[in-house]
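A quick write-up on the structure given underneath.
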Protein chains: 2
Amino acid sequence: MESLPQDKYDVLKLENQLCFPLYACAKEVIRRYREPLDALGLTYTQYIVMMVFWEFGGMTEGELGEKVRLDSGTLAPLLKRLEKQGLVKRSRPEDNERKLFVCLTDEGKALKEKALTVPEAMRGCIDLPVEDLILLKMLLEKVLAQMD
Amino acid sequence: MESLPQDKYDVLKLENQLCFPLYACAKEVIRRYREPLDALGLTYTQYIVMMVFWEFGGMTEGELGEKVRLDSGTLAPLLKRLEKQGLVKRSRPEDNERKLFVCLTDEGKALKEKALTVPEAMRGCIDLPVEDLILLKMLLEKVLAQMD
DNA sequence: TACTAACTAATTGCGCGCAATAAAACAGTG
DNA sequence: CACTGTTTTATTGCGCGCAATTAGTTAGTA
């Protein structure tokens, strides 16, 4: 049972796009993070960077970039801001001064505790059955894996 | 069958986030649009704005903003750029000069034909079963609808 | 030692994305 | 008409996001 082709321009309709709801949904969810993150003084991007450090500890900018899918053009200034806030420390490894090693300060480590309020605040922000959310997450990861 | 709670910080792991794959996936897909859109001289955001005009014709900035979920801070300069490129015309309705009416120029209308190459180029960019993509789109729209 | 190539991060430039504020036009009321 | 509040868009300020370029470090090779 197929829908009949009506207009060759149908492919340009917003409602027929997959990317638009993807783009809009990501923006909307990230917007909701702002309020809980303001309490930590972090942007959403800074938050995911901090999550990586909380979970894995210090690493180079390049390694970080692979995990969060961001390049040096975004991360270099972002990491400087985090350092200015006293959350991370940037240094050059003696054995290879091209690399930039970044690790948490005590203050950065301590913020992990406060950060627990963020998932707490976001819980229930998306009022959908858990199965739907799990399925959505799986599909997104499938798409990402496929595009790598 | 539930997984046992292991660590109260598990909620801060990147792999347990729904938002991160959403954010990463949107960025990745939009990045893939760049090449086909470069041929039209449009960014992704400009492209979805043009799609709205192609489908619905001229409208005010406010109406446009509702459709594409963007505010004046983003749309005002974007529309000026589109006008500078000769794709749209901005004007003030005589009956209400607060509003900004935007409509396509002949050049803007003509670009619709060329824009058919974009969905064409993107087809197969996400190499997944169509059912998965449809399901993904439905879930995203469900989330969006729920957050309104 | 020189020379070259590869690697890693920083910088530049431009366009969002959005909260906050400002400015202009309109509508309603006394 | 003057005054007040609302509506609509524009502006400001800051932080991404990313392609392209630059710069510094390291490694490899003659």
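Each chain gets a letter, A, B and so on, in the order the sequences are listed, and its residues count up from 1. Because the structure is a prediction, the values reported are computed rather than measured.
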Could you walk me through whether A/T43 and A/Y33 satisfy the side chain to side chain contact (heavy atoms under 4.5 Å, CB included) test, starting with their C-alpha distance in whole Å, then the side-chain angles of each, then the deciding distance to 0.1 Å, before giving a yes or no? CA-CA 8 Å; A/T43 65; A/Y33 269 93; over 6 Å; no
Without decimals, in angstroms, what is the distance between [X] [atom1] and [N] [atom2]?
X: B/L78; N: C/dC14; atom1: CG; atom2: P; result: 16 Å
X: A/Q85; N: D/dC14; atom1: CD; atom2: C1'; result: 13 Å
X: B/N96; N: C/dC26; atom1: CG; atom2: C1'; result: 6 Å
X: B/F20; N: D/dC16; atom1: CZ; atom2: P; result: 15 Å
X: A/K84; N: D/dC14; atom1: NZ; atom2: C1'; result: 12 Å
X: B/L79; N: D/dT11; atom1: CG; atom2: C1'; result: 15 Å
X: A/D95; N: D/dT26; atom1: CG; atom2: P; result: 9 Å
X: A/Y33; N: C/dA19; atom1: OH; atom2: P; result: 16 Å

Side chain of [X] (C-beta onward), nearest among [options]:
X: B/T74; options: D/dG15, C/dC18, D/dG17; answer: C/dC18
X: A/R98; options: D/dA10, D/dG24, D/dG17; answer: D/dG24
X: A/T45; options: C/dT8, D/dT9, D/dG17; answer: D/dG17
X: A/L100; options: D/dT9, C/dA9, D/dG15; answer: C/dA9
X: B/T43; options: D/dT9, D/dA19, C/dC16; answer: C/dC16
X: A/D71; options: D/dA10, D/dC16, D/dA19; answer: D/dA19
X: A/R92; options: C/dA9, C/dG17, C/dA19; answer: C/dA9
X: A/E97; options: D/dT25, D/dT11, D/dG15; answer: D/dT25
X: B/L70; options: D/dT25, C/dG17, C/dT11; answer: C/dG17

Got a salt bridge between A/R69 and A/D148, using NZ or NE/NH1/NH2 to carboxylate O under 4.0 Å?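 Here A/R69 pairs with A/D148 in a salt bridge, since their nearest N and O are under 4.0 Å apart.
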Pairing of B/K67 and B/E63 as salt bridge, 4.0 angstrom limit: no
Would you say [N] has OP1 or OP2 under 4.0 Å from some side-chain N or O of [X]?
X: B/K80; N: D/dT11; answer: yes
X: A/R34; N: D/dG15; answer: no
X: B/R31; N: D/dC18; answer: yes
X: B/Y44; N: C/dG15; answer: no
X: A/R69; N: D/dG17; answer: no

Whichever of A/E28 and A/G62 has its nearest DNA chain C nucleotide further upstream toward 5': A/G62
Classify the nucleic acid contact of A/L75 as base, sugar-phosphate or nothing, counting any heavy atom under 4.0 Å across all strands shown.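 Since no nucleic acid heavy atom lies under 4.0 Å of A/L75, the category is nothing.
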Using a heavy-atom cut-off of under 4.0 Å over every strand shown, decide if B/F101 touches base, sugar-phosphate, or nothing.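 Nothing, no heavy atom under 4.0 Å.
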Assess whether atom CD of A/E15 is packed by more than 12 heavy atoms of other residues, nucleotides or ligands within 6.0 Å. yes
Under 3.5 Å side-chain donor-acceptor pair for B/Y23 and B/Q17: no
Apart from B/M138 itself, which Ile, Leu, Val, Met, Phe, Trp or Tyr residues share its cluster (side-chain heavy atoms under 4.5 Å, direct or through members)? B/V130, B/I134
